[in-house]
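What follows is a single structure, written as structure tokens, with notes after it.
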Amino acid sequence: MRNEKKFLKSFLRNPHSTQPFFERPYLSRRAFFQAGTGVAGMFLAGRPALGQDVVKRGGAATNGKAKNVVFILLAGAPSHVDTFDFKEGPDTPLALTKPETIGGIRFPVGLMPKLATNIPDLAIVRSIQPWALQHQLCQTWVQIGRSPAGVLGDVAPNIGTIVAIEKEAERKAGQVFPTFLCLNSDGAIGSGFLSADFAPFKITAPANTAASGLPDTTNVDGQTRFDAKWNLLMSLDKPLRNANPYSREMQDYDNFYQNGRGLMFNTQVNNAFRLTATDAARYGGTSFGNSCLTAANVLAAQGGTRYVQITIGGWDNHQNIYANNVLPANLKTVDDGLSALIADLKKSGLFNETLIVMMGEFGRTPGRLTATAGRDHYAQQFAVFAGAGIRGGRTIGSTDGQGMETVDSGWSRQRNIRMEDVEATIYSAMGIDWGTVRYDDPFKRGFYYVPEPRSDGDAYAPIEELWKA
Amino acid sequence: MRKTKHWLAGTGLVLLCGGSWFYLAAQEPVKDAETDLVFNTDHSQCTLFGSDRDEFYEESVNRQARRQYRFSKATVEAVSHLARPTSAGKTEASVFDRLEQLSFIDQFLFKAMQSAGITPAEKTNDYEFIRRVTFDLTGRPPKHDRIVAFVENNASDKRAKLIDDLLNTPEWADKWAMFLGDQFKNVDDNGQVRRFAEGRNAFYRYIRTSLAANKPYDKMVTEMITATGTNNWEQGEMNWNLGGMMTGGPVQDNYDFQGEIVAERLLGMGHQNCILCHNGRGHMEALSVWGKSATRAQSWGLSAFFAKSVSRRTYPDPINRNVWYSSFEDAPRNADYSLNTTTGNRTPRSPVGSTRVITPEYPFGDGGKPRAGENYREALARIVVADPQFARASVNYIWKQFFTRGIVEPANLFDPGRMDPNNPPPAPWTIQPTNPDLLNALAADFQKSGFSFRDLMRKICNSEAYQLSSAYSGNWQPQYETYFARHLVRRLWAEEVVDGIVQISNSPLRYTYNVSTLPVPGGSTTTTVNWAMQLPQTRTLPGGAMAQFLDSFLRGNRVDAERKAEGAIPQVLNLLNDNFVMDRTRSAVNAGVPTLTRQLLDKYATSDNAGLVRELFVTVLNRPPTSEEAMISTGLLGGAVSPQLRQQRLEDLVWSLYNKVDFVFNY
């Protein structure tokens, strides 16, 4: 080492142990994870005995029209015949639903007046069927894009995690926002077997505007005292954060501290997560509305967030579906929130590069209501797409007069559309090779971004018709 | 003479890696030519030999950073005369010279290291050891007075006695009930089956009571597999088989998954899940030597043990069909496992040749079938607990909890084709256990001891291998990990972080969870516990902010998220800013109980900040401060011009210690 004498002298004047970067020859955390060492990132054992690339590309064609995704999960399974596959049944209250045909699409204007004006922006897919009818199973299915009971199903990551890991390389220096954000979705599926680096950053948007900002990014003692404490912490802990004699893992934990600190007292972060009363009112003043508002702000901030999942429940209407505080109230919430989100994304110029997907986990019984004036689980559903250059103002696929069964699938594969196809659509829109297989799963068997088809089934594929005239 | 560390603090000189030097009573000073630093070679009044010695020795000799900064010759010379610190004050002979005196665990491990030319890490000092073993065995940090007594005790068997004490605490049963709850995936609702709070709690009670009573693990597993009854809310062990139920498919899907959980969680054979859908051939060649020739028909032989069982629902409230309890009973008139399905959660099951029905046949080890007239599940339990793989998988799962990695990794993917060094697999496959003799010896010992968890853990914790430090002064290579040549650190569990902060700060918390899904007339539907480690499941409980805090430390949910030891930004934001942590830095008296901060302020006058800092560090980090930490901390407190400022600075100091990386990691 050059000038050791001088160094030692200055070292004694500044008695904090330091380790210059050139004396730290080790793999960065990122390199550790890419090497397939997975969780804990420490040992190289457990890799397949025979050599394999960790990420094997499939060369699938993608359309790359989207830079961002907003995925709205309608948890509880909304009735399709009362919403986006509207069918007047014997029990349908016409005064409440006020159906009109807009551009050839039958729509309950009474229940969703604002979205009725957004119909030119929306592509409504009506030929979707779920593989099962159980809530938790199917909500998971929708978020991971495969059967939770299937291969690697119980360790599968959220679709947003795959997007986050694929878009990691596009993060710019100085961006501090999490790539994958979950709003009002505390139960959202996480990163599965993939690193917690790509897990959803979960925030429950408050229902009132009093609280604001990203939770836990301010300290109750205020910034001045926080900064003093932070300096104290770093001076006490520097030896263990720079030349940790026990493990690299302990040392690397500091990265999370630096990233976390970057989110704190940060004007850009605060502005993106703060809700003003006027804005919240525009979005309907609900948790869901606040989540949509936050999504609009966060995406406009261009701080690194690329995938936002928002959940709204209350759709499991087995009883009294048309009561004012049941379906109509829930639809008003969506009507207010989604229409405002579309408007704000257009204003910020992001609508054409943000893919919005809105769906539940299955549909509900069409025709007559049940004995409890509700609708039960049913294997026919819808999905609403908007943004990212999608041709709106039309439907893809159609069901029979009552909404009981697909009569026209509306796409080239000529079969019912499944969640796996929706998943492929999302990846294609984001320019992600949806034929990719990763071999860093716990079985080293291969995790397919879009699952292999069932033994009796057709391969899954993106619904490219959404972008066609 | 004033204590050395005060003196050092006073002049701002720090004993650190690189540039360490000792200033002693002035006698013939010597100037070092290299550094111009001044040394005294008279040792007579050096206070370094004593309780500070360990601390200074560790810093100056064992810190890896030492290699970056060359000491002056005088320092190296002085340090080389220091004996290695041991509690007995004697120099320890190299472990390789004492192999024949060691336990079987140590013999296997150290012989392997010796053959490979690997030097093991040094022994933990007493502070490292008491913290590590207390967290590992009980999920809590050791308390201040216990630490001081332990360190000052000179008995040669003090570590063994500590281990025995810890094994017999109620906290031990709490922690290992959490571990087995994870292992058995005890949860109220996993999307396929609903145990409800009642069933989950009954299963939790069964697990914890069995552990507390030291029930042999083979007995537990037998009870779980053979459990028969009408109400899973009352008979906890019934909830094991219920965990294998599937929806959306034929009964064979149930039998398959009930067999699969036996294979994976009890026998470490997770590849069973793959073979249930397809033969190994054409799928498993790159994954498992055993797997690549395993067949679906073999795997069905395990599922078939469940074919003569059935579960039915009973609705306690006839109006509310959303709440039920389940039976699990024998159904001797059921068909055997039939190959006649085309739907469900698995690929179609068709006859194999002329075989249309599969009868039970254990697909692993030495095989096995029910005897004439024997109940299928009783037969399965009998065969499973006698299979050495059950003992091997069990000891490996436990080993992993203490050593951070198993002897076989991943611990749920054993490959029977790669187990036997006398019958090795073809290249490039390697033997799967990194020390097959050790694994087999541990398994045999576990069987002999009556499948006693306490006995296994006692042996593990008493081994010299477990007691190695995680600091390594040599040139560490990643491949040494499989030799266990140093201790690998692990980030604390979510529950350990939370319970640790609560215990340390003397600031309790209460957690409420459901005991009844239906209303209880005149009674409560909830119960309360005082420690996160006592929660009966990791998903959603206890609700609210504390659930979010615990989740941020990745405790998993026993459904689709495993417990993970990774770091993540939300964890750090919680430690920095969450009310749970901030409240526990404060000076306060809660229901007559003063918090740690308040106790320290009351106990130590401003003239004794050094004593305060020492007690603070021992309480929170379970070790005394390094001289640098002491200097910074006493300087911070000493500079406070008012009692209010002193309190504020102590609060900040407590906060800093909770956020130090050596708090949240067990090393």
Side-chain angles (χ1 to χ4, degrees), chain A residues 5 8 11-12 15 17 19 23 39-40 42-46 48-50 52 132 134 136-137 140 147-151 154-155 189-190 192 195-196 199 201 216-220 228-229 232-233 235-237 240-241 243 245-247 249-250 253-254 256-257 259-260 263 442-445 455, chain B residues 14 16-19 35 62-65 68 189 191-192 246-248 274 286-287 345 347-348 405 409-410 413 428-430 470-471 478 481-482 488-489 554 560-562 564-574 576-579 582 628-629 632 636 652 655-656 659-662 665 667:
Chain A
K5 222 191 280 189
L8 267 178
F11 178 78
L12 285 170
S17 69
Q19 189 173 18
E23 307 223 35
V39 173
M42 292 200 72
F43 25 85
L44 306 176
L50 310 176
Q52 239 167 2
Q134 205 250 30
Q136 192 172 336
L137 178 76
T140 304
S147 168
V151 68
D154 61 350
V155 294
I189 303 299
S195 165
F201 198 102
D216 278 340
T217 54
T218 55
N219 191 280
V220 66
K229 282 194 298 201
L232 171 64
L233 168 63
S235 72
L236 284 171
D237 216 19
L240 295 179
R241 292 173 188 241
Y246 304 112
S247 90
E249 222 180 348
M250 263 171 99
Y253 202 68
D254 185 57
F256 299 111
Y257 271 85
N259 289 334
L263 289 171
F443 285 95
K444 304 292 184 290
R445 158 222 195 266
S455 49
Chain B
V14 193
L16 267 188
C17 45
T35 63
N62 284 344
R63 288 291 182 263
Q64 205 175 22
Q68 266 83 46
D189 181 350
Q192 298 286 343
M246 296 282 289
T247 59
C274 309
L287 302 179
N345 296 290
T347 49
R405 59 158 293 146
E409 278 288 343
L413 290 180
W429 293 105
T430 55
S470 50
E481 268 186 28
T482 60
L488 300 177
V489 311
L554 308 174
D560 49 53
E562 294 285 310
K564 287 188 182 180
E566 289 183 59
I569 294 173
Q571 284 168 26
V572 160
L573 288 177
N574 273 332
L576 290 173
N577 301 315
D578 196 87
N579 284 335
M582 292 307 298
E628 187 182 13
E629 289 169 343
I632 294 171
L636 180 78
D652 290 353
W655 175 92
S656 298
N659 278 283
K660 279 177 106 288
V661 294
D662 56 332
F665 278 85
Y667 60 96

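Proteins come first, then strands; the chains are lettered A, B, ... in the order of their sequence lines, and each starts at number 1. As a basis for the values below, the full set of heavy atoms in this structure was taken, side chains included, without hydrogen atoms, waters or symmetry mates.
Taking B:Pro570, B:Pro348, B:Gly191 one by one and counting their heavy-atom pairs under 4.5 Å with chain A, the maximum is reached by B:Gly191. Chosen from A:Ala199, A:Gly260, A:Ala196, the residue pairing most often with chain B at heavy-atom distances under 4.5 Å is A:Ala196.
A donor atom on one side chain and an acceptor atom on the other are not found under 3.5 Å apart for A:Asp216 and B:Asn577. Side chain to side chain, A:Tyr257 and B:Asn659 meet the donor-acceptor criterion of an N or O pair below 3.5 Å.
In terms of heavy-atom proximity, A:Met250 sits nearest to B:Phe665 at CG-CG, 3.3 Å. Taking each heavy atom of B:Lys660 and A:Arg241 in turn, the nearest pair found is CA-NH2, 4.3 Å. The two atoms that bring A:Leu232 and B:Ser656 nearest to each other are CD2-OG, 3.3 Å, heavy atoms only.
Formation of a donor-acceptor pair under 3.5 Å by the B:Asp560 side chain with backbone atoms of A:Gly192 is not found in this model. Side-chain N or O atoms of A:Asp237 include one that pairs as donor or acceptor with a backbone N or O of B:Val661 at under 3.5 Å.
Residue contact with chain A, scored on non-hydrogen atoms closer than 4.5 Å, involves the backbone and the side chain of B:Leu576 alike. For A:Val220, the part lying near chain B is the side chain, with the backbone staying farther off; criterion is any non-hydrogen pair under 4.5 Å. Looking at B:Ile569, the atoms closer than 4.5 Å to chain A (heavy atoms on both sides) sit in the backbone and in the side chain alike.
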Using the rule given for side chain to side chain contact (heavy atoms under 4.5 Å, CB included), can you reason through A:Ser195 versus B:Glu566, listing the C-alpha separation, both sets of side-chain angles and the distance that settles it, and then say yes or no?
CA-CA 8 Å; A:Ser195 165; B:Glu566 289 183 59; 3.1 Å; yes
